[in-house]
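These values consider heavy atoms only, across backbone and side chains, with no hydrogens, waters or symmetry-generated copies. Counting from 1, the numbers follow the sequence of the chain as shown.
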Amino acid sequence: MKRLFLVLTVLCMLLGLSVPALADSHCMDELGCVEVAPDDPIVIASILAMSGPASFYGADTLGGIELAILGRDGMLLGRDIELVEEDSYCAAEGGQAAAQRVAADESIAGVIGTTCSGAAQGAMPIISEAGMLMISSSNTSPSLTNDNADEGGTYYPGYFRTAHNDLFQGAMGAKFAVEVLMAGAVATVHDGDPYTEGLAVVMANEFAGLNGEVVFQGAVSKGDTDMSAILTEIAASGPDLVYLPVFTPESEFLVSQAANTPGLENVRMMTADGSFNADFAPNIGQAAAGVLMTGPHVSGDAYQEFLALWAEEQPGGTDSPPSGFHAHAYDGTNLLLDAIEAVAEEMDDGVLIIGRQALRDAMAAVEDYAGLTGTLTCQEAPLYMGDCATGTALAVFELGEAQVNEGAWPPPIVWDLSMAAADDM
């Protein structure tokens with residue numbers, strides 16, 4: 001709309017006509033601007049999975065966003081920070097609907113989201129077309145930052161993420177399987193989601209590249225509860241490891257039923273961050289003991305301070321984050337707020353002007369940012385457009401009795417990339 005009025009202004013000047021009132025806008029940004037009146041808040045939005053089986057992710061991310069805002073006392077550039085929350089339900093349709101609501105609100109400066117890669121595919125075209133900036137703290141599908149459509153890339157301008165790319169997670173899982181577990185054969189299972197399918201493919205390709213044999217590649221459907229048929233097929237293929245980077249509850253059914261499937265008694269099970277939550281082991285019971293999980297791993301003094309603040313802000317002061325992307329959300333929110341602070345211009349009348357293309361440019365220029373999750377630099381390479389994470393904040397975890405019987409969280413780390421580096425020396 002603002003661009004239209006800019007064009008009208010120029011035409012009116014050329015024709016000697018009066019300038020429309022709205023043409024008094026201070027915006028000169030090619031994608032338009034957010035204009036914040038002197039007494040209005042700076043508005044950002046979240047598009048998260050707040051309902052359904054993946055709601056633990058949404059709660060985890062929302063906590064990180066809120067702590068980043070709290071760290072600034074809820075203020076930016078002398079104005080209150082207002083957070084608009086939208087629910088994407090971890091689905092493409094939910095992401096699309098949430099993005100439409102966000103795009104219709106011209107006061108929103110930027111978005112933290114989506115939670116799930118599938119929801120991102122529904123939201124990205126709309127957010128990008130609206131000229132907005134979106135930063136995800138938990139999307140990991142390789143396709144989202146790949147700008148080559150012929151290779152399955154689905155990247156749209158304005159999209160960034162502080163979560164790892166599953167090209168890293170899949171490679172780590174394969175390396176651990178071959179070099180630590182000494183697995184010679186792997187079976188993979190996905191559930192049709194862009195995240196789960198992409199990660200299963202990366203794992204299989206990397207495993208084969210390390211001279212392992214991929215003996216089975218299959219899929220379940222979201223909503224499936226009886227996994228006996230696919231588990232029987234997997235057992236017949238003779239794997240040493242079953243890699244199932246699927247979401248809950250399907251992953252829970254797979255692990256629990258595998259324990260009673262002939263031929264899988266001594267086969268290790270490995271899930272990924274789609275199941276990385278505190279309820280996974282208690283929901284399964286004893287069959288979860290010994291299950292391996294790949295997922296986010298953050299450490300350091302600053303992160304410990306973050307966890308202490310998290311506990312302080314939760315009811316009762318004892319809760320720990322329910323999943324693994326809270327620190328990525330904290331970093332993503334701070335990057336968004338830093339970008340707003342860097343590009344915003346206050347006019348003589350007190351109106352704050354935030355250029356949308358300027359925001360995107362500020363994010364693209366991020367280099368060596370010291371975040372909770374590591375040193376972040378946003379990429380502009382064909383396979384990593386908007387990727388800001390290095391992929392080093394990852395580890396392999398193992399569920400034990402404490403997770404099954406006591407709900408202890410997170411599970412202990414059994415291997416990370418620093419150990420891989422040591423093994424390679």
Side-chain angles (χ1 to χ4, degrees), residues 1-9 20-47 65-66 68-86 98-114 123-124 126-137 156-162 329-367 369 376 378 386 388:
M1 181 65 72
K2 294 182 178 68
R3 282 175 285 178
L4 175 59
F5 278 109
L6 182 61
V7 172
L8 289 174
T9 299
L22 285 177
D24 290 336
S25 168
H26 304 289
C27 181
M28 298 299 290
D29 189 282
E30 62 185 279
L31 293 181
C33 298
V34 177
E35 297 192 11
V36 185
D39 296 326
D40 286 350
I42 292 174
V43 184
I44 64 173
S46 64
I47 301 179
I65 295 170
E66 290 174 338
I69 294 173
L70 180 65
R72 298 169 186 252
D73 296 322
M75 301 289 291
L76 185 68
L77 297 169
R79 291 163 167 80
D80 291 334
I81 300 170
E82 179 182 323
L83 177 64
V84 174
E85 299 176 26
E86 295 289 352
Q100 288 170 340
R101 292 190 292 271
V102 167
D105 187 344
E106 293 187 354
S107 72
I108 293 174
V111 184
I112 302 298
T114 60
M124 286 169 64
I126 297 166
I127 295 297
S128 182
E129 178 63 26
M132 288 181 162
L133 167 69
M134 183 165 74
I135 307 170
S136 175
S137 58
Y156 281 85
Y159 176 81
F160 296 84
R161 64 181 171 196
T162 54
Y330 181 87
D331 284 349
T333 305
N334 277 315
L335 285 172
L336 172 58
L337 297 176
D338 283 353
I340 293 171
E341 190 170 34
V343 307
E345 297 182 68
E346 186 165 342
M347 302 294 107
D348 292 340
D349 57 4
V351 173
L352 199 66
I353 303 298
I354 305 169
R356 295 200 181 279
Q357 183 61 54
L359 273 180
R360 292 182 177 184
D361 292 342
M363 271 300 299
V366 168
E367 185 173 0
Y369 175 84
L376 305 178
C378 297
C388 302

To the nearest 0.5 Å, how far apart are [atom1] in [X] and [atom2] in [Y]?
X	Y	atom1	atom2	value
I135	L335	CD1	CG	6.0 Å
D39	R79	CG	CZ	8.5 Å
Y156	I127	OH	CD1	12.5 Å
L337	I112	CG	CD1	7.5 Å
M124	M132	CE	CE	15.5 Å
E345	D29	CD	CG	9.5 Å

Under 3.5 Å: donor-acceptor pair, side chain of [X], backbone of [Y]:
X	Y	value
S128	P157	yes
D349	V351	yes
S136	T114	yes

Is any side-chain heavy atom of [X] closer than 4.5 Å to a side-chain heavy atom of [Y]?
X	Y	answer
V366	F160	no
L76	E341	yes
V34	R356	yes
L31	R360	yes

Open item on the list: Would you say that more than 12 heavy atoms from the other residues, nucleotides or ligands in this model lie under 6.0 Å from the CD of E346, or not?
Closed with: yes

Taking all non-hydrogen atoms of both residues, which atom of [X] and which atom of [Y] are closest, and how far apart?
X	Y	answer
G355	V343	O-CG2, 4.3 Å
M363	C388	CE-SG, 4.2 Å
A45	L83	C-CD1, 3.9 Å
I354	A109	CD1-CB, 4.4 Å
P41	E82	CG-OE1, 3.2 Å
I126	A103	CG2-CB, 3.9 Å

Task: Residues forming a side-chain hydrogen bond (donor to acceptor under 3.5 Å, both in side chains) with D80, sequence neighbours excluded - done: none

Task: Test log, rule side chain to side chain contact (heavy atoms under 4.5 Å, CB included), inputs N334 and R72 - done: CA-CA 9 Å; N334 277 315; R72 298 169 186 252; 3.1 Å; yes

- [ ] Could you point out which residue of I108, V111, V84, I340 forms a side chain to side chain contact (heavy atoms under 4.5 Å, CB included) with I44?
- [x] I340

- [ ] Could you walk me through whether I353 and E35 pass side chain to side chain contact (heavy atoms under 4.5 Å, CB included), step by step?
- [x] CA-CA 5 Å; I353 303 298; E35 297 192 11; 3.5 Å; yes

TODO: Using the test side chain to side chain contact (heavy atoms under 4.5 Å, CB included), find all partners of D361 that sit at least two apart in sequence or belong to another chain.
DONE: Q357

